[in-house]
Amino acid sequence: MKLKRAFYTKDVLTVASELLGKVLVKNERGKMFSGRIVELEAYDGRTDKAAHTYGGKTKRNEVMFNEGGYLYVYLSYGVHYCCNVVTGTEGTGTAILIRAVEPLEGVERMIMNRFGKKKLSEKEMYHLTSGPGKVCKAFGITKGHSGVDLTGDKIYLMDSVLKKDEKIAVSKRIGITKSAHLPWRYFIKNNPYLSRK
DNA sequence: CCACGGATTGGCT
DNA sequence: GCCAATCCGTGGA
């Protein structure tokens, strides 16, 4: 089942806690890419100085002010794209950064997008999508996908539940200096595809 | 107008 | 462990 609008329009921390284990899917003219979300971070422009929306609406962040269920993509350090799931009601300015997934479909295409070859060692496979920039590179997600409606059929999320032995853990967010104390990074404990342990 | 810094990554010391 | 790559929004002159 594809996740519907109502899943996304809830409060950002509620959606964040429900988003782990869901499957990110990209259908690129029939070429499928998919992966289970194993790590994410919440950003809330109303209170959180690290959020892109903290200073109000700009051309870059306007998608993040949409109602929930849209994709917000930005360029990090001028080098890497990172993708976010917009949450909440219109005008809220909240989103969830997808930091790592466990690859499912389209693995060979992901390896090609990331490394320009077809095979990786077993060890290298754990680094295929273990970071926000890596996920976008592997899936072929760029700035042109910012604003895509996640209730459409190009990029969307499928419902799925955590495995019986999987537990959610929470920590501080990675790589930020402002509002760094907030415990808004959620991840599946001991999952081998995390960006960090 | 210019300087600065950032939700990252991979390669080199 | 350290650092360059490289775009763009923000803030100060």
Side-chain angles (χ1 to χ4, degrees), chain A residues 8 11-13 15-17 19-20 24 35 37-66 68 70-88 92-103 110-117 119-148 150 155 157 169-188 192-197:
Chain A
Y8 301 104
D11 181 77
V12 61
L13 293 182
V15 180
S17 65
L19 202 56
L20 287 173
L24 174 68
I37 298 172
V38 299
E39 177 181 345
L40 54 85
E41 288 176 358
Y43 288 86
D44 183 343
R46 295 169 296 182
T47 55
D48 166 17
K49 294 189 176 74
H52 290 168
T53 47
Y54 184 73
K57 194 181 279 191
T58 65
K59 192 159 193 175
R60 173 220 207 184
N61 70 20
E62 62 184 355
V63 170
M64 212 173 136
F65 285 99
N66 288 356
Y70 289 84
L71 196 70
Y72 166 55
V73 184
Y74 71 94
L75 185 62
S76 176
Y77 291 93
V79 183
H80 306 284
Y81 291 108
C82 297
C83 72
N84 298 253
V85 173
V86 178
T87 61
T92 313
T94 57
I96 296 167
L97 173 70
I98 296 178
R99 286 195 55 90
V101 306
E102 178 177 334
M110 293 184 199
I111 297 170
M112 190 56 81
N113 283 348
R114 285 259 290 133
F115 302 103
K117 57 181 184 180
K119 294 268 182 201
L120 291 182
S121 69
E122 194 177 337
K123 198 175 169 186
E124 289 171 315
M125 282 299 295
Y126 292 117
H127 302 290
L128 180 58
T129 52
S130 61
K134 296 176 186 178
V135 171
C136 282
K137 187 90 185 282
F139 276 66
I141 294 173
T142 69
K143 195 112 185 76
H145 295 100
S146 198
V148 166
L150 295 174
I155 299 175
L157 296 177
V170 172
S171 76
K172 292 177 185 176
R173 294 172 296 178
I174 292 171
I176 57 169
T177 53
K178 292 179 264 182
S179 299
H181 63 285
L182 296 170
W184 286 357
R185 172 175 175 250
Y186 295 69
F187 58 100
I188 297 177
Y193 295 92
L194 298 175
S195 70
R196 313 218 187 150
K197 295 174 189 162

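So that the names make sense, note that chain A is the first sequence line, chain B the second, and so on, each numbered from 1.
- Using a 4.0 Å cut-off on heavy atoms, none of the residues of residues 174-185 of chain A approach DNA chain C.
- Put simply, CZ on A/Arg196 is 13 Å from P on B/dA7, counting in whole angstrom units.
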For this session: Summarise how protein sits on nucleotides 8-13 of chain C as a single string, 5' to 3': B when a protein heavy atom is under 4.0 Å from the base, S for sugar-phosphate-only contact, - for no contact.
Result: -SS---
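- Using a 3.5 Å distance cut-off with no hydrogens or angles, the side chains of A/Tyr81 and A/His145 do not pair a donor with an acceptor.
- Here the closest non-hydrogen pair linking A/Asn61 and A/Phe65 is OD1-CE1, 3.5 Å.
- Taking atom C1' on both B/dG10 and C/dC8, the two are 22 Å apart, rounded to the nearest angstrom.
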For this session: Let me see the working for A/Asp11 and A/Arg46 under salt bridge (Lys or Arg N to Asp or Glu O under 4.0 Å), right down to the final yes or no.
Result: CA-CA 12 Å; A/Asp11 181 77; A/Arg46 295 169 296 182; 3.3 Å; yes
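- Pairing for B/dA7 is absent, judged as Watson-Crick or G-U wobble with the two contacts each under 3.5 Å.
- Within the 4.5 Å cutoff, side-chain heavy atoms of A/Leu182 are placed close to those of A/Arg173.
- Following rounding to the nearest Å, A/Glu39 (CD) and B/dT8 (C1') show an atom-to-atom distance of 13 Å.
- Of the residues in residues 78-86 of chain A, those lying under 4.0 Å from DNA chain C by heavy-atom distance are A/Gly78, A/Val79.
- Between A/Leu71 and A/Ile141 there is a side-chain heavy-atom pair separated by less than 4.5 Å.
- The two residues A/Cys82 and A/Leu97 have their closest heavy-atom pair at CB-CD1, 3.8 Å.
- When the P atom of B/dG10 is taken as reference, atom CG of A/Leu120 falls 11 Å away, rounded to whole Å.
- Under the side chain to side chain donor-acceptor pair (under 3.5 Å) test applied with A/Ser195, the options A/His127, A/Glu39, A/Lys134 reduce to a single match, A/Glu39.
- The base of B/dA7 lies outside donor-acceptor range of the side chain of A/Tyr77, with no N or O pair under 3.5 Å.
- For the pair A/Tyr72 OH and B/dA7 C1', the interatomic distance rounds to 9 Å; values are reported in whole Å.
- In terms of heavy atoms, A/Ala42 sits closest to A/Val12 at CB-CG2, 4.0 Å.
- For A/Arg114, a side-chain nitrogen or oxygen approaches OP1 or OP2 of B/dG10 to under 4.0 Å.
- Taking atom NZ of residue A/Lys134 and atom P of nucleotide B/dG11, one finds them 11 Å apart after rounding to whole Å.
- If you check C/dT6 for Watson-Crick or wobble pairing at under 3.5 angstrom, you find it has no partner at all.
- Comparing the same atom, P, in B/dG5 and in C/dC3 gives a spacing of 15 Å after rounding to whole Å.
- Taking the side chain as every heavy atom from C-beta outward, A/Trp184 and A/Leu13 approach each other to under 4.5 Å.
- Smallest separation of non-hydrogen atoms from A/Leu120 and A/Ile111: CG-CG2, 3.7 Å.
- For the pair A/Arg196 and A/Phe187, the cation-pi test (distance below 6.0 Å, angle within 45°) is failed.
- At whole-Å resolution of the value, OH in A/Tyr74 and P in B/dG6 are 13 Å apart.
- By the 30° and 60° cut-offs, the orientation of the rings of A/Tyr126 relative to A/Tyr193 is tilted.
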